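Here's the structure we're looking at; comments come further down.
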Amino acid sequence: MKKTLSSVIALSVLASCASVEQPGLKDVFQDHFMMGAALNEAEINGTDTLGIELIKKNFNTIVAENCMKSEVIHPEKDRYDFSLADKFVDFGNENGMFVVGHCLIWHSQCAPWFFLNEDGSQIDAEELKARMKEHITTVMTRYKGRVHGWDVVNEAVVEDGSYRQSKFYEILGEEFIPLAFQYAHEADPDAELYINDYGMNVPGRRDTYVRIVSDLKSRGLRIDAVGMQGHMGMDYPDFAQFEESLNAFAGTGVKVMITEWDMSALPTVNRGADVADTEAYNAMMNPYPDGLPEDVSAKWNERMKTFMDLFVKHSDVITRVTAWGVSDDDSWKNDWPMRGRVEYPLLFDRELQPKAFLREYMKKEHIK
Ligand code: 9MR
């Protein structure tokens with residue numbers, strides 16, 4: 001969160017008033033699922049003190065937004081960097097939270113060395129298996145009993161249902177997924193194991209994940225949940241499709257988790273938009289730099305409530321709802337696709353106040 005000194009003072013006052021009046025989200029939804037947030041570097045390092053207070057009050061599960069990704073935690077073949085990850089795990093453990101590790105096997109944010117021999121040629125299947133096993137075992141063993149669930153494989157399938165053409169797939173084929181789950185379970189038999197992706201409403205991707213999960217189960221491999229990331233906008237995902245996917249995943253016998261929830265309030269990025277000059281494009285894509293207009297905010301809140309109600313309705317299978325950040329300033333969606341874009345996708349606004357749809361739930365204290 002980026003704050004000036006005066007806004008910090010104002011925010012402290014607001015935050016202390018709020019803590020008297022408002023129950024924490026984890027208490028509001030305690031009968032249904034854990035409420036979580038992804039933590040960034042400033043929160044993990046403790047420099048964002050207000051953010052930390054908000055997290056302790058509202059969330060009983062946390063996930064690492066970036067510090068456990070393989071290029072961060074394992075930047076070179078024989079070098080790991082656990083500095084930030086250790087602090088993240090300590091924070092969760094000290095505060096009695098359910099700690100989630102993100103993520104073990106992902107095509108993105110994976111250092112190039114992972115797939116290369118010393119001479120620069122590509123490694124073969126046996127070597128990739130050895131490297132995956134070593135990476136998974138080292139990271140999970142370090143946090144055994146302290147990280148309670150892992151995104152084992154992230155974003156492995158594309159919209160039409162085919163496997164993503166990643167290095168893992170290119171070198172090992174479909175087997176890279178069962179192998180990853182096998183290594184993860186061997187490393188920490190008590191840890192929950194998840195497969196995670198975005199755009200899970202899309203039928204092609206949904207069907208492939210149903211097949212993958214069923215296959216893992218039929219081989220006797222542990223898989224506890226499918227993670228539906230939940231990066232949303234005002235015009236996606238399709239609500240009915242999202243619910244169909246939720247039911248389809250639950251139908252395989254695993255739990256479902258909403259793992260990276262956020263909803264853009266701005267126009268959906270469409271690179272093909274017919275706008276010739278950059279200034280006009282930027283103005284179109286960054287329409288509310290000084291605050292979200294009431295009517296847009298009302299629509300956003302209404303849509304968020306619709307999804308939250310859906311999660312509550314399916315809370316027999318949904319065990320966790322995690323937002324991808326705490327307050328709007330934290331979101332990866334700011335500054336993307338252009339610098340200076342101001343987004344409003346998270347559960348708390350820039351003054352660290354809960355969004356309107358959450359205040360409605362909070363009035364009821366406990367959602368039954
Ligand atoms: O929010 C994350 C952002 O800070 C990073 O720059 C980016 C690349 O590592 O990853 C973002 O988080 C992604 C997550 O790890 C996987 N699903 C999509 C998320 C948003 O891009």
Side-chain angles (χ1 to χ4, degrees), residues 1-2 36-45 47-48 51 55 59 61-75 81 84-85 88 99-112 114 135 139 147 149-159 164 166-168 177 180 193-202 205 209 225-233 236-237 242 245 256-266 268-269 271 285 320-348:
M1 294 168 208
K2 305 158 212 147
L39 266 55
N40 62 25
E41 201 170 328
E43 289 153 351
I44 296 169
N45 276 326
T47 52
D48 182 0
I55 291 162
F59 300 108
T61 173
I62 54 172
V63 61
E65 183 177 7
N66 287 309
C67 70
M68 287 179 153
K69 290 173 179 171
S70 76
E71 83 174 0
V72 179
I73 211 168
H74 196 177
D81 179 357
L84 213 50
F88 162 77
V99 180
V100 177
H102 171 87
C103 47
L104 295 168
I105 297 296
W106 188 28
H107 68 282
S108 183
Q109 312 304 119
C110 185
F114 212 101
H135 175 78
V139 176
V147 169
W150 287 93
D151 288 336
V152 179
V153 172
N154 194 37
E155 300 174 3
V157 176
V158 297
E159 284 208 352
R164 182 183 295 282
S166 67
K167 285 287 166 198
F168 294 106
I177 296 181
L193 306 180
Y194 320 129
I195 198 157
N196 192 51
D197 213 326
Y198 61 85
M200 287 295 228
N201 58 298
V202 178
R205 186 180 276 125
Y209 274 111
V226 171
M228 300 177 75
Q229 290 185 1
H231 295 294
M232 302 181 176
Y236 67 94
F242 193 92
S245 292
V256 175
M257 294 177 167
I258 310 301
T259 54
E260 303 184 13
W261 197 25
D262 54 22
M263 184 183 287
S264 175
L266 307 186
T268 299
V269 175
R271 292 250 176 213
M285 296 313 295
R320 172 167 70 96
V321 174
T322 291
W324 204 240
V326 179
S327 71
D328 285 338
D329 257 345
D330 297 336
S331 176
W332 67 287
K333 286 185 161 168
N334 290 302
D335 289 319
W336 183 84
M338 87 280 286
R339 281 180 75 77
R341 194 177 204 222
V342 181
E343 256 287 12
Y344 306 86
L346 289 172
L347 302 183
F348 291 83

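As a basis for the values below, the full set of heavy atoms in this structure was taken, side chains included, without hydrogen atoms, waters or symmetry mates. All figures in this text were calculated on a predicted structure; none of them were measured in a lab. Counting starts at 1 for both ligands and their atoms, in listed order.
- Put simply, the side chain of N40 gets close to the backbone of A42: a donor and an acceptor are under 3.5 Å apart.
- With hydrogens left out, the protein atom closest to atom 6 (O) of ligand 1 is N66 OD1, 4.3 Å, a heavy atom.
- Separating the CD atom in Q229 from the CH2 atom in W324 is a distance of 7.5 Å, to the nearest 0.5 Å.
- Per-residue contacts place W106 under 4.0 angstrom from the following atoms of ligand 1 (heavy atoms of the residue considered): 15 (O), 16 (C).
- Among all non-hydrogen protein atoms, the one lying nearest atom 12 (O) of ligand 1 is W324 NE1, 3.1 Å.
- Look at N40 and you'll find every heavy atom at least 4.0 Å from all atoms of ligand 1.
- Here E43 contributes atom CD and I62 contributes atom CD1; the two are 9.5 Å apart, rounded to the nearest 0.5 Å.
- The line from CE of M232 to OG1 of T268 is 13.0 Å long, rounded to the nearest 0.5 Å.
- Remark: ligand 1 and E155 share an N or O pair separated by less than 3.5 Å (distance only, no angle test).
- Nearest-heavy-atom check against atom 11 (C) of ligand 1 across Q109, K69, Q229, M68 picks out K69.
- In terms of protein heavy-atom proximity, atom 19 (C) of ligand 1 is nearest to E260 OE1, 3.3 Å.
- Taking a cut-off of under 4.0 Å to the non-hydrogen atoms of N154, the atoms of ligand 1 that pass are 16 (C).
- For the 3.5 Å distance criterion, the side chains of R320 and T322 qualify, holding a donor opposite an acceptor.
- The protein non-hydrogen atom at the shortest distance from atom 2 (C) of ligand 1 is E65 OE2, 3.4 Å.
- Distances between N or O atoms of W332 and those of ligand 1 include no value under 3.5 Å.
- Distance check, rounded to the nearest 0.5 Å: CZ of R164 to CG of N154 gives 9.0 Å.
- The shortest N or O to N or O distance between H102 and ligand 1 is under 3.5 Å.
- For the atom pair E260 CD and W332 CH2, the distance stands at 8.5 Å (nearest 0.5 Å).
- Separating the OH atom in Y344 from the NZ atom in K333 is a distance of 14.5 Å, to the nearest 0.5 Å.
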